[in-house]
Structures are given as structure tokens and as C-alpha cells.
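The structure appears right after this line, and notes come after that.
In listed order, ligands and their atoms are each counted from 1.
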Amino acid sequence: MPRSPRKMTITKLCLLALLLSGCTAQAGTGGQPSAGPAPQQECQESQQPISRTLSTGANWSMCWSVDPMLGLVLSDIHFSPTPAESIPIISRMSLAQLEVPYDSGSRITSDITSAGFGGPNMQSISDAECPAERLSATIPNVGDGTKFGKSPVREVLCSQETQSELSFRSGDLGQVVAKQRQDWQLSTISKVGWYEYVNQVTFGAEGSIRPTLGATGDLSPVDYSDAEHGWAVGPGDHDHATNHSHNAVWKIDWELGGETGQRVEQFDATDTGEQGEFSPIVNGSLTAISHPATAQWADRRWWRVLAPGTLNADQHPISYQIDMGKSDGFTFVDDAEHHGDNVGYDVAFTNADECHVFATLNRGRCGRGVLDYVEQGKNVPLDDVVSWVAVGYHHVPRDEDQSPMEMHWQGFNLMPRDLTSTRIDAPQDRPTFNGKPAEWDGQMPAE
Ligand SMILES: [Cu+2]
């Protein structure tokens, strides 16, 4: 008998038990969705609740706040595929560093730790930047606001629904079903020097999370070099605006299945060199990353954070996939200076530690940055998983960058993998699709 995809992955009751005692949820064992809405989001004093129900009927809820250094911080992120269930996904996420080294060797900035994305650098927004809902927060003028200066309340967070792409289309059953994709974007703008950064997280109606950083503003007026290190942006072969990198790391403290008990796996699909009847044979495999480690992206490689004790209705552990896409990898200059060359990473996994604030130039007992966190914690099995995702953008200026500069984006995607047993918003007649069809009355592709 076909299963309904709307059966619960985690009942509300077990979710409560999970939060209280870390119980192992054996969800999907035939349970019906429990009645009632998802629990109301509770936030700490400095945070504000925010939530949105999207076109799939799914709901995102979380708390938001502005840290003087980190800028926008999102906490207690829950996803509710149906109103009856609320699945904890991430306990806290934010940027953890943005390093900008210039290729001429004449300048480097670490914008999160030296300037900060919050405080006076966080810009007030208007209808021009955000023709949608604008939310206010108390933003101190000096430090964290506890000692000096005033803390005015300013509109800084843009909350915007977007509908731009095709979510799905299928004509296999003779009748075309199609739907536009809906996203919910939360963003703030921070001005550091001449650059203005849009710190944005996009929550998809289908459960994806896409952290991105957009850069606009103006090219640095004092960083001009030569043809080997820059690009001529004025008349003739003069005025070479210096090339530079935007090295960003995001920190994501996971809460899948509860505060602890998470695991990490790396997927690889390796070409065997053997030829099958029609196509080359490629072997897929999962490798456990059991202890804190760094990892680098390769073709057909991705990672996932999973909750082995929390199963969807198909008895698959719920997980999120870290999907880098193709991007410019980098090694933090600060890391290379302290750990030698070839220490770059695309993603690193550590156990949660409140002392691990920044990806580099961290202060305190626990190390200078991610490489120290990994080294110092490498003997303790991963349990309360934090992922550090590094995405670089090498910026070669263009004539068109002046002025202002067209926004350039960098980021990655966090994609639900087996969070639910089928797609959330299956069209009519499709909810029964789950697994290899016993009888297929659609069309086979042409030979
Ligand atoms: Cu740039």
C-alpha cells in the first residue's frame, strides 16, 4: 500500500521529548500527524522571533539578532513541512569571517573581526533596498552597547518573499503539473570601507537554505597597481584597479535530531574505468567523518550532516547536504602564516564550543581559528556538529564596476536530504509516488 508522504517524520510529542531528554525519535512508524500547530518560537531577550509560511504549506521559524561583529545571526531555525511538526534544523548560523587580501600584497582586511558587520556598520534600509517588510533592531553605536554610546532602534532586516523560477514541471501522466518556486529571503547590509555587503540567507519553500554574500558599493579608491595585479578600468592602459579575493566562512551549528547526536558523512562518486553495457560504471560511496576535520571539494563530492536516530517515514535518517557548487577555494592568509601553505579547506567540521566564534583571528583559549579548533578537538568524536563552509570569490575589477559596482555574489546551498519521505507539496495524484513504481502508466522516454 502506498504511503502518504504527509505522514509525520517526527511527532510533536517526540520533538518535545527530544528537546528535554535527547530521546531517539523513531519517527514514521505508522504515526499520524499530531494535531495542533508547530510550537511558538521562543527567543532569548536580545533576539526576535520571525517566521513565514510558504507556497508548499511549509513553515520556517527562527530568532534573529544582530551581533556587533558577526552581523546578522539566525538562531533556533525550525522547519515545519506540515503544521503539525516542527523539526529543529540549526541552532545558530552566521558569517564567521570575511578576509579581503589584495593581489598586489599591499592590503588585507578581516572585515568581521576588525570592522564588524553589526554596530554602526550595519546600514539602515529603506524602500529602495527593500521593497518588502523591514524589521528593526536595537543597534549600538559603540561596542556591544553595554558600556558606551547610544543604541538607536533602526530598520536593518529585510524580509522578502520571492518567486522567480520553476520549482517543478512534469507531464508524464498526460497532464502537465508545474509550479513556481517560492523563497523567503532575510538580508542585512553592512558597509565596511568602500564596499557594501548584503548578508543574505534564502529559505526555500522546499526546505533548502542558501547563505550568500553579495558585494556592491565602490572599488577601493586607493588600491591601484599594474597589469599583473589589476585591471585597467580607466581610459587606455592605466588605472589598474587591484584584483583581490573575498574569502568568506559561514559557521553553522546544527540541531538535527536535537542538540547532539549528529554525524557527518562525505559522498564520493568514483569513476571505476569500467564500461557497463551502455555507460561507464561509477561507484558511489559514503565515508564517515567521525572526528573534527577539514575537507576539500572535488568533482561529484558533497557532505551531509545527519541525525542517525531520527528517521523519516521511509526509515531514512534525516540530513542536510552541504552543496558547494563550483566556487573559488582559498586558504586564509592568516591560516597560511600560522599553519603553512596548503591548509585551505572548503568545509570543516568541529564540535560546538562557544569559544569558537571566528574562523580566523579568534581570541581566547580555544585557538586562533578553524584549523586550531580542528587540531585541538580531533580526538573527540563529532557529536554536536558545527560546519564551517568556506566560499571564495576572486574579484578582477571591470569597467562596469564603476560606479556603483554591480552586486557580485558568493555562497552555497544547504539542501534537505531525506528530511521528508517525498516532496512536501506533491501535486494531486502524486502523493502515492514513493519508491520504484510497481506499475508505471506514464510514458517511457524515446529510445
Ligand atoms: Cu571585490
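With hydrogens and angles left out, the side-chain atoms of H394 and D103 include a donor and acceptor closer than 3.5 Å. A donor and an acceptor atom, one from each side chain of N362 and Y373, are located under 3.5 Å apart. Side-chain N/O atoms of S75 and Q47 include a donor and acceptor closer than 3.5 Å. Using modelled atom types and a 3.5 Å distance limit, the side chains of S225 and T242 yield a donor-acceptor pair.
Among the backbone and side-chain atoms of M405, none of the N, O or S atoms lies under 2.8 Å from the Cu ion (ligand 1).
Here the angle at the Cu ion (ligand 1) defined by OH in Y195 and NE2 in H246 stands at 120°, rounded to 10 degrees.
For H395, the N, O or S atom with the smallest separation from the Cu ion (ligand 1) is ND1.
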